[in-house]
Engineer: 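Can you keep this structure in mind? I'll have questions shortly.
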Amino acid sequence: MRVGPMGICSIRGRSMVSQQYVAQDFEEKWQAKWEEAGIYRADDGDTTRPKFYSLVMFPYPSGDLHMGHMRVYTVSDVISRTRRMHGYNVLNPMGWDAFGLPAENAAISRKMHPEVWTKQNIRFMRDEQLKKLGTSFDWRREVTTCDSDYYHWTQWLFLQFFKHNLAVRKEAPVNWCPICQTVLANEQVEDGACWRHPETKVEQRLMSQWFLKITDYADPLLLDLDKLQNWPSSVRIMQQNWIGKSEGALLTFTVESKPNLQITVFTTRPDTVFGVSYLVLAPENPLVAELTTDECKEAVAKYVDQSKHKTELDRMTGEKTKTGVPLGTYVINPFNGDVVPIWIADYVLMNYGTGAVMGVPGHDDRDFAFAKTFNLPIIEVISPDGNPTGELNEAYLEHGKMVNSGKFNGLDSREAKKKFIEHATENKLGVGRTQFRLRDWLISRQRYWGCPIPLVHCATCGIVPIPDEQLPVVLPVEGIEITGEGGSPLGRMDSFVKTSCPKCKGEARRETDTMDTFIDSSWYFLRYADAKNPAEAFASSKANYWMPVDQYVGGVEHAILHLLYSRFFTKALRDMKLVQCDEPFTNLLSQGMVTKFSPSSGRIEKMSKSRGNVVGTADFFKRYGADSARLFTLFAAPVEQELEWNEEGAIGQYRFLSRVWRFVTDLIESGALKPDLVGSMPAVDHAALDEKSKALHSLVHKTVKAVTLDLSQERYNFNTAIARCHEMVNGLYKYLQDCGSDNGSTVGTEFSEQQKALFAFAVRNLLLVLAPMAPHISEELWQQAGFAKAEGKFIHVTTWPTFDETLTIDNQIELVLQVNGKIVSKVSAPRGLTKAQSEEIAQNDPKIRSKIDGQTIRKLIVVPDKLVNVVI
RNA sequence: UGCACAGUGGCUCAACGGUAGAGCACCCCGCCGUUAACGGGUUGGUUAUAGGUUCGAUUCCUAUCUGUGCAGCCA
């Protein structure tokens, strides 16, 4: 049985009228009042306060957020609220990454239009979930990427890329399902088969597609990682690896039987060219047909066909044993005249380098494995000491001295690398070359629920952009048929496809591809700065005021693609003079995922619907309140780490808040704190307090200091911040006990005016430091205790409390006495002793004396106010 | 296989190279017209292992082991 919010409270053994902490009674009330008062609105261009742009990765509106999702919004909200209280003009916006495949799938399975499904999810997630968590978003700036007033500008930006030659059309392989007659995304390919037809193998097909030339920015994207010192190093390293810059050379080999035919390879190790014992081409390399002899034709054709049916994923994750076939032709090594065979093998990729590789088994693992499999010669050209070791049991990958390399023998291999490139350049055998692993960004999707690419194909004018004044190209809502089969739904819609050329007015066809949804999310942070602008994507003045984002919070799963694309967009837009900053996100926080025991697998796994281990928000909010949920997600683990959800721990935070609640309401109840008079209470006079009160007063200052530091951008130690609040509340209850209260309540105990002032001071500061993390209970108690009336403000726009540094330092310290680094004794001493005084205490300490036992002291090490180490 | 991060009381986490501490749980005492209870208190650690640097190492270095994440033959 639950005792109601207002009733005769006997459950605590005291017969008095008191309130129990029931979060539901007031959480929604405050959410409504905050919104009505507009306290979370950001002011464009305010120069009286410093700006702070706090951003959290916007969600895909999948329909239902669970507690796992809530972690990231809680973290970002605490950061925003803290900055607001520190006097910043905070921009904390939210929106929806609303285009994407799940909406189309819902359309297929539920016969529901993607837009209807999406809009309904957005409404639920916004009103029933995010708002009820107590987030402090400025909803006036809400953006939804599938709305035409947003994708209008996605299209406009695409055309800017097009006009600057950063959007180009190229042939590229796609996953093609012959039954559905459509292109599949990588995640729709399961075990090499279509997700809807497990019996049908997916084929690789070449199609003409749109790309953004992110490779044009490979170097700046790599170099500027150095500017992102406040990103997790793991993310920087992942991006660095993804961009994958390699310095090396292009070397040209001439085909023995066809002297006018040459094969160029890329290598990072031109120094090993004397060790080449074969050449390998990718199976797709166009030279293959020309270089295959009649005897080898059959075997080669078979091999090429096999690899066509392997998707790129298969080729990369497949077994490591090397396969391949010889073409029957040979090339001449331009450095030493050796004649070596040409092979094809699928470990060579067509879309990296030149699609051809020189095989150096002695100094490359993969080549070594290949040579072993097919009995090709292994030539040693580098040895650790300059003496050939003879037989190699594995590839030698280190640097060393050149051997078996003609006039280069004896050189250090690093030096040789330069010499080989020089030699190649002078003799026109090759050239130095920097290669990136990063590839251009394929943005074409043969899908309906995405942003249409605003171009037309005209028989006379070619590819023509839609003029600005005709944007947006609206995604048709009526008459669309989504079945998942037969290619792009837009392509089957004559009313969409048939149009006239903007240039010659002749007949033309619209482009029917839509854009990768990563494009929508590559600029949304700029739109927030000017979200409702009907005339342009964003006013540069507003973007330049808010950008860059001061704190971005999101999951590590976006460590590479989303963040890299956004960086690319920002740099490209900077070069188009649309923004000034060259990096969008100066600080990045990657929060860990939320896990929970999953009964189906018996393991602790990421919280997700499919695993059946989700904790819903509505149920939890109803029982314990949003504040308890927030506190638990902040407290249970450091923010970057994985967090295991457990109901007990969450309830623990509810108990903590109950303790806060009871303390404050009892204080009011007992008359020790009078809400009407709280504004005119005397300041706490530290000197006039007794020892226990002094300690409590210090505890308040220590807590404010600790929480201030823990919530700062340098730390973000939310878990320890909450632990400090726990400690302070424990201290308050302990103090009551010391004052003679036997039930942890101020009711029934007399207090002096000084003590009452101290309580008011303690409560005020506690509520303030708790406010960013537990916004509802802080506001409710702030109002109940009369602070709101006295100071005329909501707690969330009240200035963050300060602390007196001198009160956070104890006057009496414990001096640790060591002999040879081992603790022998601890003595209490006043703070601020001189070195000599400390040494004297140590030397006169009986325990130390007996330990020294007449031996000579070799050294005395003093750490002021901490310890003395006697070395004998 | 490579790269990254992490191994500290039962659990989750702290500790500028200087006393290994919190919170929760357990246990004990008290309160009670006990039932989302409440107040107080006591336990509890060779800091994964082995070396090294240092007056002094949880902290720095090296190696090993274990776990997690990311990558995936990028020449």
Engineer: If you draw the axis of the six-membered ring of Tyr733(A), does the NZ or CZ of Arg659(A) fall within 45° of it and under 6.0 Å from the ring centre?
Structural biologist: yes
Engineer: Which part of the nucleic acid, if any, lies within contact of Phe436(A), taking any heavy atom under 4.0 Å across all strands shown: a base, the sugar-phosphate backbone alone, or nothing?
Structural biologist: nothing
Engineer: So Ile861(A), base contact, sugar-phosphate only, or nothing? Heavy-atom distance under 4.0 Å.
Structural biologist: base
Engineer: Would you indicate what Tyr733(A) reaches in the nucleic acid, counting non-hydrogen atoms under 4.0 angstrom: base, sugar-phosphate, or nothing?
Structural biologist: sugar-phosphate
Engineer: Do Tyr303(A) and Thr323(A) have side-chain atoms, one donor and one acceptor, less than 3.5 Å apart?
Structural biologist: yes
Engineer: Tell me whether the centres of the aromatic rings in Phe751(A) and Phe759(A) are closer together than 6.0 Å.
Structural biologist: yes
Engineer: When you compare U68(B) with C16(B), how far apart are their C1' atoms, in angstrom units rounded to a whole number?
Structural biologist: 29 Å
Engineer: What contact category does Glu814(A) fall into here, base, sugar-phosphate, or nothing, at under 4.0 angstrom with non-hydrogen atoms?
Structural biologist: base
Engineer: Quick one: is Ser246(A) getting a side-chain N or O under 4.0 Å of the A75(B) phosphate, OP1 or OP2?
Structural biologist: yes
Engineer: Need one value for Val816(A): base, sugar-phosphate or nothing, where a base atom within 4.0 Å counts as base even if backbone is also close, heavy atoms only.
Structural biologist: base
Engineer: With respect to Phe718(A), which candidate in Leu631(A), Thr633(A), Val75(A), Val707(A) satisfies the side-chain contact (heavy atoms from CB on, under 4.5 Å) definition?
Structural biologist: Val75(A)
Engineer: If the P atom of C11(B) is compared with that of A71(B), how far apart are they to the nearest Å?
Structural biologist: 31 Å
Engineer: Give the rounded distance in Å between these two atoms: CG of Leu349(A) and C1' of C73(B).
Structural biologist: 7 Å
Engineer: Between U46(B) and U54(B), how far apart are the two P atoms, rounded to whole Å?
Structural biologist: 28 Å
Engineer: Taking atom P in both G44(B) and G21(B), what distance in whole Å separates the two?
Structural biologist: 13 Å
Engineer: Between G10(B) and C26(B), how many Å separate the two C1' atoms, rounded to a whole number?
Structural biologist: 8 Å
Engineer: Checking salt bridge (Lys or Arg N to Asp or Glu O under 4.0 Å) for the pair Asp810(A)/Lys702(A): CA distance, chi angles, key distance, verdict?
Structural biologist: CA-CA 10 Å; Asp810(A) 294 322; Lys702(A) 284 178 188 170; 3.1 Å; yes
Engineer: To the nearest Å, give me how far apart CD (Gln818(A)) and P (G17(B)) are.
Structural biologist: 16 Å
Engineer: Can you tell me how far C1' of A20(B) sits from NZ of Lys826(A), to the nearest Å?
Structural biologist: 10 Å
Engineer: Both conditions, 6.0 Å and 45 degrees, for the charged tip of Lys322(A) above the ring of Phe374(A): are they met here?
Structural biologist: no
Engineer: If only side-chain N and O atoms of Lys822(A) are considered, is one of them under 4.0 Å from the OP1 or OP2 phosphate oxygen of C55(B)?
Structural biologist: no
Engineer: Picking from G41(B), G18(B), C13(B), which would you name as closest to the side chain of Asn869(A)?
Structural biologist: G18(B)
Engineer: Mind calculating the distance between CG (Asn717(A)) and C1' (A22(B)) to the nearest angstrom?
Structural biologist: 13 Å
Engineer: Compare side-chain N and O positions of Tyr347(A) against OP1 and OP2 of A75(B) and report whether any pair is under 4.0 Å apart.
Structural biologist: no
Engineer: In whole angstrom, what separates Leu736(A)'s CG from C38(B)'s P?
Structural biologist: 16 Å
Engineer: Check every strand shown and say whether Asn730(A) touches a base, only sugar-phosphate, or nothing at a heavy-atom separation below 4.0 Å.
Structural biologist: sugar-phosphate
Engineer: Pick base, sugar-phosphate or nothing for Leu867(A), based on heavy-atom distances below 4.0 Å to the nucleic acid.
Structural biologist: base
Engineer: For the C1' atoms, the ones on A20(B) and on U62(B), what distance do you get once it is rounded to whole angstrom?
Structural biologist: 25 Å
Engineer: Report which part of the nucleic acid Tyr624(A) touches: base, sugar-phosphate, or nothing (heavy-atom distance under 4.0 Å, all strands).
Structural biologist: base
Engineer: Rounded to the nearest Å, what distance is computed from the CD1 atom of residue Ile243(A) to the C1' atom of nucleotide C70(B)?
Structural biologist: 16 Å
Engineer: Are Arg659(A) and G39(B) close enough that a side-chain N or O sits under 4.0 Å from OP1 or OP2?
Structural biologist: yes
Engineer: Please give the distance between the P atoms of U19(B) and A57(B) as a whole number of Å.
Structural biologist: 12 Å
Engineer: Just to be sure I understand the rule, does Arg655(A) reach a base, reach only the sugar-phosphate, or reach nothing, if contact means heavy atoms closer than 4.0 Å?
Structural biologist: sugar-phosphate
Engineer: Are Gln641(A) and C13(B) close enough that a side-chain N or O sits under 4.0 Å from OP1 or OP2?
Structural biologist: yes
